[in-house]
Structures are given as structure tokens and as C-alpha cells.
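The structure displayed is predicted, hence computed values, not measured ones.
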Amino acid sequence: MTLETLSTTFIAIISAWAVWCALSSKVRDGVLGKLIYAVIAIAGYAIVTRTESLFFTPSVAGVTFHGGLAMAGLRHFFMVTWWQQVKQWLCRKMNCEHCMHQLRRSTDREPRP
């Protein structure tokens with residue numbers, strides 16, 4: 001197997017994953033997340049179906065593909081690392097009744113043994 005074949009196979013797998021993420025109801029990433037997955041899938045399809053070599057001729061599709069993956073990674077990192085603190089800060093600043101009720105309910109729970 002050549003590097004080009006392996007690369008094409010990996011891109012096809014990533015694109016299939018992105019299509020599943022964009023269309024699945026199990027993935028709850030909101031509109032922006034679904035849009036990022038769709039961009040990854042379309043750009044991956046464009047890379048897989050082109051005729052020139054992936055490594056020697058960078059294209060708009062390649063840059064878009066890597067940019068989409070980078071955005072998805074940054075978004076995932078933010079959601080896992082900082083989203084809960086940002087959400088709590090927003091709720092405190094906005095004095096949102098729904099948010100404050102959720103915060104009170106989560107702090108009223110006692111830790112399980």
C-alpha cells in the first residue's frame with residue numbers, strides 16, 4: 001500500500017465519521033457542530049475524489065479539510081474544558097431564572113457514597 005492509498009483511506013474514514021456525526025441524532029453538538037461536521041465531510045469527499053496527489057499539491061479542499069478538523073478539535077476542547085464554567089458565569093451575569101434553578105438544584109444534591 002502506498003502512502004497516497006493510506007491517506008485516501010484515512011480521509012474516507014474521517015469523512016464517513018463526519019457524515020455520521022452530521023446526520024445522527026445521537027450526536028448533540030448543536031447547529032455549529034453539525035455545520036463543522038458537514039464541512040469536514042464535504043472537504044474529505046473532495047480530497048478523496050480528486051486525481052492529483054495529496055502530498056505534492058495542496059488544494060483548497062485540503063486546507064478546508066484540515067481547517068474543519070482543527071475547528072472541531074478546538075470546539076471539543078473548549079466544550080470539555082471550559083464550557084461548564086463559562087455557562088455558570090453567563091447564568092450568574094444574566095440572572096436567568098432557569099439557569100439559577102439548575103445551579104441550585106445541582107448544588108443541593110449530596111454526594112453519593
Side-chain angles (χ1 to χ4, degrees):
M1 251 187 189
T2 64
L3 288 177
E4 287 83 5
T5 306
L6 280 174
S7 179
T8 302
T9 303
F10 294 150
I11 291 172
I13 291 169
I14 292 169
S15 297
W17 166 77
V19 167
W20 177 79
C21 287
L23 298 177
S24 176
S25 63
K26 292 181 180 180
V27 178
R28 298 179 184 181
D29 275 349
V31 175
L32 183 61
K34 298 284 186 176
L35 184 63
I36 291 171
Y37 292 130
V39 167
I40 293 169
I42 292 169
Y45 174 76
I47 291 171
V48 169
T49 58
R50 69 185 186 161
T51 57
E52 65 265 10
S53 174
L54 177 67
F55 296 110
F56 301 118
T57 56
S59 67
V60 173
V63 173
T64 306
F65 184 72
H66 293 114
L69 282 176
M71 286 189 298
L74 289 173
R75 182 182 180 280
H76 182 254
F77 180 75
F78 174 79
M79 295 298 284
V80 169
T81 307
W82 293 308
W83 175 243
Q84 289 300 320
Q85 290 87 5
V86 170
K87 183 179 175 183
Q88 289 173 358
W89 179 80
L90 284 171
C91 286
R92 281 194 304 271
K93 289 294 179 185
M94 293 173 39
N95 284 331
C96 176
E97 288 296 322
H98 175 72
C99 294
M100 296 306 284
H101 177 68
Q102 294 291 335
L103 287 173
R104 279 190 217 112
R105 192 169 40 162
S106 68
T107 57
D108 289 343
R109 293 182 188 159
E110 293 184 20
R112 294 181 182 180

The criterion is ring-ring contact (aromatic ring centres under 6.0 Å, His included); which residues satisfy it with W17, sequence neighbours excluded? Y37
L69 meets the side-chain contact (heavy atoms from CB on, under 4.5 Å) criterion, sequence neighbours left out, with I14, I40, F65
Strictly by salt bridge (charged side-chain N to carboxylate O under 4.0 Å, His left out), give each pair with a member in residues 29-38 just once, sequence neighbours left out. D29-R75
Does V39 have any side-chain contact (heavy atoms from CB on, under 4.5 Å) partners at least two apart in sequence or in another chain, and if so, which? T64
Could you see if W89 belongs to whatever hydrophobic cluster contains W82? Use Ile, Leu, Val, Met, Phe, Trp, Tyr and a side-chain cutoff under 4.5 Å. yes
Nearest heavy-atom neighbours spanning I11 and G44: CG2-O, 3.6 Å
Where do C21 and V27 come nearest, in terms of heavy atoms and distance? O-CB, 3.7 Å
Taking every heavy atom of A41 against every heavy atom of A18, the minimum-distance pair comes out as N-CB, 3.8 Å
